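Just so you know, these numbers come straight off a predicted model, no measurement behind them.
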Amino acid sequence: MPRLLPLPSLFHSHSQSFFFSPKHTRFQFQFKLHIFNPNLTMSAPGSSRKYYSVPGITPEEVSIASQEAFRRYLDPNLKRKGNGVVIVWFRNDLRVLDNEALLRGWAESEMVLPVYCVDPRLFGTTHYFGFPKTGALRAKFLIECLRNLKENLRSKGLDLLVRYGKPEDIIPSLAKACCAHTVYAHKETCSEEILVEHLVQKRLKQVEVAHKGLSNQNKTLSPRLQLIWGSTMYHIDDLPFSAKDLPDVYTQYRKAVESKSSIRGCIKLPQSFAPPPNSATLNEIDSWGNLPTLDQLGLGKIKSDRGMHFIGGESAALGRVKEYFWKNDKLKVYKETRNGMLGSDYSTKFSPWLAFGTLSPRYIYEEVGRYENQRIANDSTYWVLFELIWRDYFRFLSVKYGNSIFHLGGPRKVASNWSQDKLLFEAWKDGRTGYPLIDANMKELSSTGFMSNRGRQIVCSFLVRDMGIDWRMGAEWFETCLIDYDPASNYGNWTYGAGVGNDPREDRYFSIPKQAKTYDPDGVYVSYWLPELKTLPKEKRNFPGIRYIRQIVPLRFDSPSRNKDNIRRKGGQASSN
């Protein structure tokens with residue numbers, strides 16, 4: 001997804017046949033498929049081995065929440081004024097609600113062809129250390145998002161065409177086949193995605209299609225690529241400064257946008273996006289294609305018997321908003337609970353759907369406003385928006401600093417001596433460091449694809465401060481595992497945690513003993529993920545001594561004079577919660 005100019009090996013050509021066999025990667029996922037029960041929940045955090053779904057409401061409740069949201073944004077007075085065919089190229093915007101690319105495509109055409117390309121480069125290896133770019137858990141979530149997108153498009157009179165291959169091969173070919181005059185897509189900010197945009201645009205210029213002009217006379221033109229900004233709460237065009245002049249201190253940025261910018265409303269929905277492409281066009285494109293399976297992606301199957309199971313798709317995302325805000329009424333206490341580590345309701349858990357674009361940040365903003373009007377407005381309701389502003393900030397920083405967010409020295413070009421000790425890194429990755437708080441968090445990551453905001457900051461600090469390991473190894477392993485991975489937030493947070501980010505004040509050390517005593521005083525979290533600790537007294541679970549595996553490194557800065565746990569920055573990956 002992110003990173004530098006892509007390695008040539010990641011961009012070798014593939015057949016457009018859907019069935020493929022990607023090259024073997026350094027780490028293989030060998031899991032068994034487990035059928036998840038969406039209604040299974042834990043009666044109390046840490047009380048059993050049961051895993052639990054997010055959202056935790058029933059499929060019927062999810063469906064009702066989705067339908068209610070669609071109805072609220074329905075505008076039957078919307079009219080289309082265009083002609084011909086357009087392609088809507090879905091990327092990291094797998095939703096129908098508040099999707100400007102989809103609405104623009106519908107309004108400026110007579111027929112819309114929605115397309116998703118399963119790009120084989122997303123299943124290659126990471127840039128520096130050769131980890132899988134997309135792990136099995138995130139791939140599974142993606143498949144669920146695509147399945148639900150097809151369902152929601154069908155409910156509006158369309159369908160989703162799924163093709164395996166590179167967008168720069170598929171999109172121009174489809175544009176020629178169906179005589180599309182425009183391809184609409186959402187704009188991305190990191191180099192690999194931008195390169196794909198450029199390649200698609202270049203190849204579209206080589207295509208000529210007949211297009212009916214205003215005088216109803218056919219003209220031969222090349223399809224154009226229309227990129228639309230739609231991934232942030234604040235639109236990039238509404239910032240009080242250009243992205244290149246973005247402040248390097250978050251607080252300065254936040255105060256500026258809150259006082260000088262406004263948030264655009266969600267895009268309305270027409271009654272229907274029909275008609276779908278006609279039979280002649282469908283004959284040209286052959287079929288709508290099939291969703292990939294984990295086996296076809298070379299990722300094996302998944303086994304998970306504990307922790308959270310996130311359900312992919314726009315409907316699940318809308319269901320989660322309904323569950324967290326309205327049914328469980330947790331929004332009013334978000335600020336007090338957001339640093340929790342176990343359970344589904346200590347934080348919003350919106351981040352996986354935000355990362356795949358199945359949930360719009362502007363929709364969250366409007367739901368917060370609706371909650372404040374109908375129930376209560378307090379620090380907690382504001383703090384959800386505070387975290388979304390952080391998420392925006394990292395996206396805009398990726399525009400300002402480009403590839404430097406992936407470089408060893410970060411945006412500030414900090415010169416440091418980092419170790420790439422494989423044994424130390426493997427111990428961290430596998431949860432075998434001898435520090436229960438670190439090991440529990442890393443086991444949660446590998447089992448669920450998720451980790452709390454607090455946990456992410458702790459394990460990052462331990463890797464770079466106590467172990468002295470190259471922060472990029474941690475960032476790339478997160479890229480493999482996280483279901484809520486997006487390059488701007490992931491690498492933005494890792495550069496901050498490693499002290500190479502744009503703001504030098506964000507150089508923080510997390511004391512493991514203090515973090516354990518503050519956020520897991522009874523060892524409930526660590527004993528949930530490390531069941532061997534359950535037999536110990538609560539006060540010993542985080543400090544088991546010889547009754548646990550040997551600590552792989554001593555803590556380097558664990559003394560009162562070096563303690564820097566009073567962190568000014570409360571956001572970052574908290575927007576992933």
query = Quick one: is the NZ or CZ of Lys517 closer than 6.0 Å to the six-membered ring centre of Phe543, and within 45° of its axis?
reply = yes
key: Stepwise side chain to side chain contact (heavy atoms under 4.5 Å, CB included) test for Leu397 and Asn502   = CA-CA 9 Å; Leu397 280 177; Asn502 57 298; 3.5 Å; yes
Are [X] and [Y] linked by a side-chain donor-acceptor pair shorter than 3.5 Å?
X      : Y      : answer
Asn542 : Asp520 : yes
Thr189 : Glu193 : no
Tyr435 : Asp466 : no
Gln374 : Trp326 : no
Glu479 : Thr126 : no
Ser347 : Lys349 : yes

Spatial distance of atom [atom1] ([X]) from atom [atom2] ([Y]) [nearest 0.5 Å]:
X      : Y      : atom1 : atom2 : answer
Asn339 : Gln515 : CG    : CD    : 8.5 Å
Leu239 : Leu246 : CG    : CG    : 7.0 Å
Ile458 : Leu463 : CD1   : CG    : 14.0 Å
Gln457 : Asn441 : CD    : CG    : 11.0 Å
Asp93  : Leu359 : CG    : CG    : 13.0 Å
His235 : Ser261 : NE2   : OG    : 12.0 Å

With a sphere of 6.0 Å drawn around [atom1] of [X], does it hold more than 12 non-hydrogen atoms of other residues, nucleotides or ligands?
X      : atom1 : value
Lys330 : NZ    : no
Phe325 : CZ    : yes
Lys332 : NZ    : no

State whether [X] and [Y] are salt-bridged, where the test is any N-O pair (Lys NZ or Arg NE/NH1/NH2 against Asp/Glu carboxylate O) under 4.0 Å.
X      : Y      : answer
Lys150 : Asp159 : yes
Lys133 : Asp119 : no
Glu144 : Arg147 : no
Glu323 : Arg320 : yes

Answer yes or no: is there a side-chain heavy-atom contact under 4.5 Å between [X] and [Y]?
X      : Y      : value
Tyr116 : Leu94  : yes
Arg370 : Glu366 : no
Val162 : Val118 : yes
Tyr363 : Leu318 : yes
His186 : Asn99  : yes
Trp229 : Glu100 : no
Arg395 : Glu188 : yes
Leu74  : Gln271 : yes

query = Out of Phe141, Tyr52, Phe450, Phe350, which residue meets the ring-ring contact (aromatic ring centres under 6.0 Å, His included) rule with Phe310?
reply = Phe450
query = Taking all atoms of both residues into account, what is the closest heavy-atom pair of Gly313 and Cys145, and its distance?
reply = N-SG, 3.3 Å
remark   = Between Arg454 and the options Tyr525, Tyr346, Tyr519, the side-chain hydrogen bond (donor to acceptor under 3.5 Å, both in side chains) test singles out Tyr519
message = Evaluate Tyr324 against Tyr371 for ring-ring contact (aromatic ring centres under 6.0 Å, His included), listing each step before the verdict.
response = CA-CA 11 Å; Tyr324 186 83; Tyr371 182 93; 9.2 Å; no
query = Between Trp477 and Phe131, does the ring centre distance come in under 6.0 Å?
reply = yes
task = Verify the ring-centre separation between Phe386 and Tyr250: is it less than 6.0 angstrom?
result = yes
ask   = What's the verdict on side chain to side chain contact (heavy atoms under 4.5 Å, CB included) for Phe478 and Arg456, showing C-alpha distance, side-chain angles and the deciding distance?
value = CA-CA 9 Å; Phe478 270 36; Arg456 296 181 201 210; 4.0 Å; yes
query = Could you go step by step and tell me if Ile364 and Leu354 meet the side chain to side chain contact (heavy atoms under 4.5 Å, CB included) rule?
reply = CA-CA 10 Å; Ile364 299 173; Leu354 284 167; 3.9 Å; yes
message = Test side chain to side chain contact (heavy atoms under 4.5 Å, CB included) on Ile263 and Arg362; report intermediate values, then the result.
response = CA-CA 8 Å; Ile263 297 169; Arg362 295 190 302 203; 4.3 Å; yes
ask   = Given Arg465 and Tyr509, is the side-chain hydrogen bond (donor to acceptor under 3.5 Å, both in side chains) satisfied, shown in steps?
value = CA-CA 7 Å; Arg465 308 288 179 209; Tyr509 176 73; over 6 Å; no
